[in-house]
Asker: 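One structure, pasted below without further comment.
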Number of protein chains: 2
Amino acid sequence: MAATLSDVAKRAGVSKKTASRVINNEDTVAAATRRKVLAAIEELGYVPNEWAQRLASGNSRIVGYLIGDYLSPYSAHVLNGLLDVADAAGHHVSILRIDIDDPQQIERVITMARLRRMEGIVLAPPCHSSPRLMGALQEMAFPFVQHSPSDRCSGCAWVSAADEQGSYDAAWHLLRLGHRRIGFIQGPVDLYVSRARLAGYKRALKEADIAVDESLIKPGDWGFESGLEYARELLSLPEPPTAIMANNDVPAAGAIQAAWERGVNCPGQLSVVGFDDVPLAKQIAPPLTTVRQPIYDIGATMMSILIEEIIPGIKSNHAIEVPTELVIRHSTGAVRNQQDA
Amino acid sequence: MAATLSDVAKRAGVSKKTASRVINNEDTVAAATRRKVLAAIEELGYVPNEWAQRLASGNSRIVGYLIGDYLSPYSAHVLNGLLDVADAAGHHVSILRIDIDDPQQIERVITMARLRRMEGIVLAPPCHSSPRLMGALQEMAFPFVQHSPSDRCSGCAWVSAADEQGSYDAAWHLLRLGHRRIGFIQGPVDLYVSRARLAGYKRALKEADIAVDESLIKPGDWGFESGLEYARELLSLPEPPTAIMANNDVPAAGAIQAAWERGVNCPGQLSVVGFDDVPLAKQIAPPLTTVRQPIYDIGATMMSILIEEIIPGIKSNHAIEVPTELVIRHSTGAVRNQQDA
DNA sequence: GGCCATAATGACACCGGTATCATGAGCGAG
DNA sequence: CTCGCTCATGATACCGGTGTCATTATGGCC
């Protein structure tokens with residue numbers, strides 16, 4: 001059906017190899033020959049078969065993007081960055097979705113990676129909380145980059161936002177507005193980012209000479225429901241916080257909804273700060289003050305270092321922390337006097 | 001490095017073809033032989049090379065997902081459905097992102113599809129508004145499914161939500177609450193879905209004996225900003241609407257924010273209805289009344305019919321409309337008497 | 001004019017599988 | 001015992017490219 005390299009070669013009156021040289025822009029082809037081959041390609045509408053090329057040349061140029069569960073808006077945005085860089089470099093991105101808690105699925109990842117002859121993998125956050133998976137990958141010497149570091153894997157490559165600093169900045173923003181009781185809704189506590197962001201919050205409080213009140217710190221799972229639920233709990237406290245920081249914009253939106261539910265004005269009576277700056281942040285009312293991570297850039301950077309350095313085995317420092325930026329919108333305001341509240 | 005089929009065959013003392021038979025579960029292999037081969041596979045840790053299999057067998061099992069611009073939260077959710085079905089069927093999904101307005105990009109799509117030997121393509125909404133692309137695909141007899149129909153392509157396969165009916169239901173919900181002036185923010189007017197949803201709105205108004213006031217109908221582009229902007233315009237009208245329907249949840253959130261900006265209470269003074277029921281819908285305050293589309297299922301259905309019927313060339317009716325469901329949350333309420341407003 | 005370096009090209013094996021068809025073994029029937 | 005048939009298996013070509021290395025043509029130099 002489709003024209004093959006042999007067809008092109010025959011038509012141009014050259015060997016397969018010479019036709020191949022033209023396609024790959026090798027420089028040892030005479031100008032006249034090149035023209036003949038290009039003409040044949042044009043006439044036949046030839047398009048090479050990538051899979052045959054990859055098989056023959058021995059490099060698959062396929063990288064995996066491993067995400068726990070489903071593709072979220074957040075990971076979709078990371079994926080945009082991954083895809084742009086991968087496309088430009090002629091690499092494919094194969095999406096692997098797994099349930100990280102199921103040990104069998106980890107086998108499946110390894111199998112898929114080998115089945116598809118992937119050359120490397122990008123790991124989305126919850127994935128590198130699995131010691132089994134990390135162990136298996138390291139044992140196989142399988143190239144990978146993590147999105148955010150993990151303490152189980154020292155020396156591993158990662159790209160991450162400056163979580164601790166970002167959280168610290170957000171906390172100081174609230175402190176400067178006069179808030180003294182600041183609630184904190186964490187993400188999954190076994191994740192590095194959750195702990196880093198909590199650490200930033202605590203560092204800021206310490207600098208401001210405010211004792212950490214553990215009753216104001218709640219766990220969470222990055223979901224909307226957890227933000228909603230824990231914010232309700234915080235607002236029900238005998239002495240509720242005047243501000244809530246969430247580890248992520250989605251639970252921050254939950255906190256705003258919790259305030260709305262009971263008629264607590266935001267930012268009048270409750271300030272809320274998120275983290276990430278996903279599209280949601282500016283789509284809610286009030287628009288959310290949040291710590292912007294360059295999500296797209298993190299994706300692009302991970303793919304760059306994976307393709308350019310890690311897969312070729314170039315040694316370099318693959319721990320990249322990118323700065324965050326506090327984006328002040330309308331969900332935060334000066335703390336009111338008690339009688340106003 | 002990795003064991004090949006030849007290695008397995010050698011170790012098991014059989015021919016490559018027999019080893020291949022075992023791998024593909026062909027039934028003409030003696031039980032004893034099968035055991036030997038399986039043992040060899042186990043010992044060598046053999047995993048077949050999918051690309052070699054695909055090259056040799058002549059079917060690539062690759063399908064494309066073509067989206068305009070970037071992967072949005074909405075298309076990411078469609079993709080989840082696509083991926084689940086594709087994975088189960090052993091197919092790969094290759095994401096193609098293009099700028100639909102650039103004619104050169106259309107060439108690129110065709111080239112990529114041929115380069116990667118894709119067997120079919122799923123087209124996300126804005127893509128089938130390009131007559132050039134559709135023409136090229138039809139001319140090549142390239143298998144594809146559209147997400148939502150397009151009038152430029154009669155007889156083409158598509159899967160879509162019941163847009164007209166969903167919009168009609170939403171409009172009646174508002175009518176029953178007593179609303180007589182209902183603003184409408186459309187999506188891109190050249191898209192089928194935009195027109196279908198507008199048609200449902202008009203049908204409901206007609207049934208309720210309400211004349212369509214064109215000043216209440218605004219265009220839009222599915223973006224948040226357009227919802228915000230057009231809602232501002234609607235609220236600035238001398239006789240503003242008491243409710244706004246948007247073609248999509250994102251601009252509906254924009255409408256809610258526009259109301260918030262000027263202190264218009266939602267749903268007290270303004271009801272807002274969206275469309276799609278993306279996660280955003282329940283993450284805003286007030287939670288959005290919207291028309292739920294089974295987004296994931298639409299993705300899954302598109303992939304199913306593409307793989308099972310369209311690529312094999314089985315004739316059947318590939319125009320599938322899936323029902324929508326009105327989800328009533330808190331952004332809609334009974335219209336108030338004028339003096340309250 | 002003869003020699004050698006260099007540029008251009010082709011023959012052929014190979015990547016890791018599958019498909020076709022021939023062949024040999026085993027077995028029941030005549 | 002032999003024929004004919006089915007079942008299991010293997011030899012070999014092939015998918016559509018790339019890599020290696022040998023070969024041929026060309027040109028510069030002594």
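Only a predicted model underlies this, so the values are computations on that prediction, with no experimental measurement involved. The analysis underlying the following values was restricted to heavy atoms, covering all of them including side chains, and did not include hydrogens, waters or symmetry mates. Here is how names work: the chains are called A, B, and so on, in the same order as the sequence lines, proteins then strands, and each is numbered from 1.
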Asker: Looking just at side-chain N and O atoms, do A:T301 and A:S304 make a donor-acceptor pair shorter than 3.5 Å?
Answerer: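 The criterion, which ignores hydrogens and geometry beyond distance, is not satisfied for A:S304 and A:T301.
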
Asker: Among A:V109, A:I106, A:L123, find the one that has a side-chain contact (heavy atoms from CB on, under 4.5 Å) with A:L137.
Answerer: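 Answer to the side-chain contact (heavy atoms from CB on, under 4.5 Å) test with A:L137 among A:V109, A:I106, A:L123: A:L123.
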
Asker: How long is the line joining CZ of B:R35 and C1' of D:dA8, in whole Å?
Answerer: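 Rounded to the whole Å, the gap is 15 Å.
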
Asker: Quick one: sort the A:Y70 and B:Y296 rings into parallel, tilted or perpendicular, breaks at 30° and 60°.
Answerer: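 A:Y70 vs B:Y296 ring planes: perpendicular.
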
Asker: Taking A:D7 for the side chain and A:A3 for the main chain, is one N or O donor matched with an acceptor at less than 3.5 Å?
Answerer: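 Looks like no, no N/O pair under 3.5 Å.
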
Asker: Which nucleotide in the set D:dG10, D:dT20, D:dA8 lies at the smallest distance from any side-chain heavy atom of B:T18?
Answerer: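 Selected nucleotide: D:dG10.
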
Asker: Figure out the CG/P separation between A:L5 and D:dG19, and round it to whole Å.
Answerer: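 From A:L5 CG to D:dG19 P: 12 Å.
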
Asker: Tabulate protein N/O versus nucleotide N/O from nucleotides 21-27 of chain D, keeping only pairs under 3.5 Å, one per line.
Answerer:
none

Asker: Check the distance between D:dG16's P and A:Y46's OH and give it to me in whole angstrom.
Answerer: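 It works out to 10 Å between those atoms.
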
Asker: Do we see a donor-acceptor contact under 3.5 Å between the side chains of A:Q293 and A:Y74?
Answerer: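 Looking only at side-chain atoms, A:Y74 and A:Q293 do form a donor-acceptor pair, the distance falling under 3.5 Å.
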
Asker: Using 4.0 Å as the upper bound for N to carboxylate O, is an ion pair formed by B:E50 and A:R117?
Answerer: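 Answer for the salt bridge query: no.
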
Asker: I'd like the 5' and 3' limits of the part of DNA chain C contacted by chain A, with heavy-atom contacts below 4.0 Å.
Answerer: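 It runs C:dA8 to C:dG17.
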
Asker: Is there a donor in the side chain of B:E321 and an acceptor in the side chain of B:S160, or the other way round, less than 3.5 Å apart?
Answerer: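 Looking only at side-chain atoms, B:S160 and B:E321 do not form any donor-acceptor pair under 3.5 Å.
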
Asker: Heavy-atom nearest nucleotide on DNA chain D for B:S57 versus B:K17: which residue maps closer to 5'?
Answerer: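 Closest to the 5' end, via its nearest nucleotide, is B:K17.
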
Asker: Please figure out whether A:T28 or A:K16 has its closest DNA chain C nucleotide nearer the 5' end.
Answerer: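 Its nearest nucleotide being more 5', the pick is A:T28.
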
Asker: When the distance from CZ of A:R61 to P of D:dG17 is rounded to whole Å, what number comes out?
Answerer: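 Checked: the CZ to P distance equals 16 Å.
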
Asker: Would you call B:R108 and B:D102 a salt bridge, taking side-chain N to carboxylate O under 4.0 Å as the test?
Answerer: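 Between B:D102 and B:R108 there is no salt bridge, as every charged N stays at least 4.0 Å from the carboxylate O atoms.
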
Asker: So, are B:E43 and B:R11 salt-bridged, with charged N and O less than 4.0 Å apart?
Answerer: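 The answer is yes: the pair qualifies as a salt bridge.
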
Asker: Round to the nearest Å and state the distance from A:E50 atom CD to D:dT18 atom P.
Answerer: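 Between P of D:dT18 and CD of A:E50: 11 Å.
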
Asker: What is the distance from CZ of A:R54 to P of D:dG17, rounded to the nearest Å?
Answerer: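 Interatomic distance, CZ of A:R54 to P of D:dG17: 13 Å.
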
Asker: Whole-Å distance between D:dG16 C1' and B:R116 CZ?
Answerer: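 Result: 18 Å.
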
Asker: Could you tell me the separation between the CG atom of A:L55 and the P atom of D:dC14, rounded to a whole number of Å?
Answerer: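 Computing the A:L55:CG to D:dC14:P distance gives 18 Å.
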
